[in-house]
Chemist: 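Would you mind keeping the following structure in view while I ask a few things?
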Amino acid sequence: MTTPDNIAILRIELEDIDPLIWRRVAVPTSMNLKALHRVIQAAMGWLDYHLWEFTAAERKYGMLLPDDSDWNERIKDAAKTKLSALLTGGVREIGYVYDMGDNWQHRIIVERLKAAESGAQYPQFLGGQRRCPPEDCGGFPGYYEFLDDIASKDSKKRGGECQIDCVWAIRG
């Protein structure tokens with residue numbers, strides 16, 4: 001059961017990338033999904049240039065578009081949907097897609113719920129690993145190509161040393 005003072009500890013994972021890129025955040029369960037989108041953008045390092053949507057319990061949530069009735073018929077208004085409503089319905093994993101062209105798919109796992117700490121401010125960034133791909137690089141295939149290009153250039157600059165070292169430096 002969630003109350004207005006509950007905090008959700010969320011693990012956000014960027015799918016299709018190995019090694020895994022992830023973040024952990026603490027957010028109020030009273031937060032709406034549009035605000036959660038902004039938290040994800042900040043935590044992952046995205047620049048909020050593109051459309052996005054959440055999927056939970058076979059429903060899609062996003063921002064409504066003024067001149068796109070087809071989109072609006074498929075999407076529930078994220079600004080009017082609170083995280084607590086999903087949690088009360090039993091949702092413990094949420095899909096999130098950012099940039100429908102690059103199709104960055106994220107898995108949001110509700111790790112636990114807890115009472116808010118007295119005097120603490122939320123949302124909170126709790127940790128994570130690895131940098132996010134740059135915007136508009138072509139999804140995960142383009143990201144891997146980007147890493148290979150950088151590794152190749154670094155290797156040439158360093159006299160042909162092992163490319164794996166370069167890639168891990170960038171990916172790590």
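Because the structure is predicted, anything quoted here is derived from the model rather than measured. FYI, side chains are in, hydrogens and waters are out, and symmetry mates aren't considered; it's all heavy atoms of this structure.
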Chemist: How far apart are the closest heavy atoms of Leu14 and Pro133, and which atoms are they?
Modeler: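 Looking at all heavy atoms of both residues, the shortest contact is CD2-CD, 3.6 Å.
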Chemist: Quick one: does Gln129's side chain get under 4.5 Å of Ile21's, heavy atoms only?
Modeler: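 No, every pair of side-chain atoms sits at 4.5 Å or beyond.
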Chemist: Is there a side-chain contact (heavy atoms from CB on, under 4.5 Å) between Val110 and Val91 once you walk through the steps?
Modeler: CA-CA 8 Å; Val110 180; Val91 170; 5.9 Å; no
Chemist: Once side-chain hydrogen bond (donor to acceptor under 3.5 Å, both in side chains) is applied, do any residues pair with Glu135, and if so which ones, sequence neighbours excluded?
Modeler: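 His50, Tyr98.
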Chemist: Can you say whether the rings of Phe146 and Tyr143 are parallel (under 30°), tilted (30 to 60°) or perpendicular (over 60°)?
Modeler: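 Aromatic pair Phe146/Tyr143 classed parallel.
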Chemist: Output the distance between atom CG (Asn103) and atom CG (Asp16), rounded to the nearest 0.5 Å.
Modeler: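 That separation rounds to 8.0 Å.
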Chemist: What pairs with Pro141 under side-chain contact (heavy atoms from CB on, under 4.5 Å), at least two apart in sequence or on another chain?
Modeler: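 Counting only residues at least two positions away or on another chain, Pro141 forms no side-chain contact (heavy atoms from CB on, under 4.5 Å).
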Chemist: Where do Thr81 and Asn32 land on the side-chain contact (heavy atoms from CB on, under 4.5 Å) test, with the steps shown first?
Modeler: CA-CA 5 Å; Thr81 305; Asn32 68 43; 6.0 Å; no
Chemist: Give the table of side-chain donor-acceptor pairs shorter than 3.5 Å for residues 58-66, with sequence neighbours excluded, one pair per line with atom names and distance.
Modeler:
from	atom 1	to	atom 2	distance (Å)
Lys60	NZ	Glu53	OE2	3.3

Chemist: Please confirm whether the backbone N or O of Ser84 pairs with a side-chain atom of Thr88, one donor and one acceptor, at under 3.5 Å?
Modeler: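 Looks like yes, one N/O pair under 3.5 Å.
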Chemist: Under the salt bridge (Lys or Arg N to Asp or Glu O under 4.0 Å) rule, collect the residues that match up with Glu93, sequence neighbours excluded.
Modeler: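 Expected list: Arg107.
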Chemist: Any side-chain heavy atom of Val27 sitting closer than 4.5 Å to one from Leu10?
Modeler: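 With C-beta onward as the side chain, the pair touches.
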Chemist: Can you tell if the side chain of Leu86 reaches within under 4.5 Å of the side chain of Ile94, non-hydrogen atoms only?
Modeler: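 They are in contact (side-chain heavy atoms under 4.5 Å apart), so the answer is yes.
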Chemist: Hey, could you give me the CE/CG distance between Met31 and Leu83, rounded to the nearest 0.5 Å?
Modeler: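 That separation rounds to 8.5 Å.
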Chemist: Minimum heavy-atom separation for Ile9 to Ala26, with atom names?
Modeler: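 Taking Ile9 first and Ala26 second, the nearest heavy atoms are CD1-CB, 3.6 Å.
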Chemist: If I compare all heavy atoms of Val39 with all of Pro123, which pair ends up nearest, and what's the gap?
Modeler: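 Heavy atoms only, the tightest pair is CG2-CG, 3.6 Å.
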Chemist: Nearest 0.5 Å, what's the SG-CG distance between Cys137 and Leu147?
Modeler: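 Separation between the atoms: 8.5 Å.
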Chemist: How many angstroms lie between CZ in Arg130 and CE in Met44, if you round to the nearest 0.5 Å?
Modeler: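 It comes to 10.0 Å.
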Chemist: Under the side-chain contact (heavy atoms from CB on, under 4.5 Å) criterion, do Ile108 and Phe54 qualify, and how do the steps go?
Modeler: CA-CA 10 Å; Ile108 303 166; Phe54 289 97; 3.8 Å; yes
Chemist: Taking only residues at least two apart or on different chains, which pairs with a member in residues 69-79 satisfy side chain to side chain donor-acceptor pair (under 3.5 Å)?
Modeler: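 Every candidate side chain to side chain donor-acceptor pair (under 3.5 Å) pair involving residues 69-79 fails, so no pair, neighbours aside, qualifies.
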Chemist: Would you say the side-chain atoms of Asp102 pair up with the backbone N or O of Gly138, donor to acceptor, closer than 3.5 Å?
Modeler: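 Present.
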Chemist: Are side-chain heavy atoms of Trp104 and Cys132 found at a separation under 4.5 Å?
Modeler: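 Not in contact.
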Chemist: Members other than Ile109 in its cluster, when Ile, Leu, Val, Met, Phe, Trp, Tyr link by side-chain heavy atoms under 4.5 Å?
Modeler: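 In the cluster with Ile109 there is nothing else; it is isolated.
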Chemist: Any pair with a residue in residues 22-42 that passes salt bridge (charged side-chain N to carboxylate O under 4.0 Å, His left out), sequence neighbours left out, goes on the list, sorted by first then second residue, please.
Modeler: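 Applying salt bridge (charged side-chain N to carboxylate O under 4.0 Å, His left out) to every pair that reaches into residues 22-42, excluding sequence neighbours, yields Arg24-Glu111.
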Chemist: Classify the ring geometry of His37 against Trp52: parallel below 30°, tilted from 30° to 60°, perpendicular beyond 60°.
Modeler: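 Rings of His37 and Trp52: parallel, under 30°.
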Chemist: List for me each residue that meets ring-ring contact (aromatic ring centres under 6.0 Å, His included) alongside Trp22, sequence neighbours excluded, and say none if there are none.
Modeler: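 By the ring-ring contact (aromatic ring centres under 6.0 Å, His included) rule, Trp22 matches no residue at all.
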Chemist: When clusters are formed by joining ILVMFWY residues with side-chain heavy atoms under 4.5 Å apart, either directly or through shared neighbours, do Val25 and Leu20 land in the same one?
Modeler: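 Val25 does not cluster with Leu20.
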Chemist: Taking all heavy atoms of Tyr144 and all of Asp18, pick out the closest pair and write down the distance.
Modeler: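 Closest approach of Tyr144 to Asp18, heavy atoms only: OH-N, 2.8 Å.
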Chemist: How would you list all residue pairs meeting side chain to side chain donor-acceptor pair (under 3.5 Å) that involve residues 114-126, not counting sequence neighbours?
Modeler: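 Of all non-adjacent pairs touching residues 114-126, those that pass side chain to side chain donor-acceptor pair (under 3.5 Å) are Lys114-Glu117.
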Chemist: Begin from the C-alpha positions of Ile40 and Tyr96 and carry the test side-chain contact (heavy atoms from CB on, under 4.5 Å) through to its verdict.
Modeler: CA-CA 9 Å; Ile40 295 167; Tyr96 171 77; 3.5 Å; yes
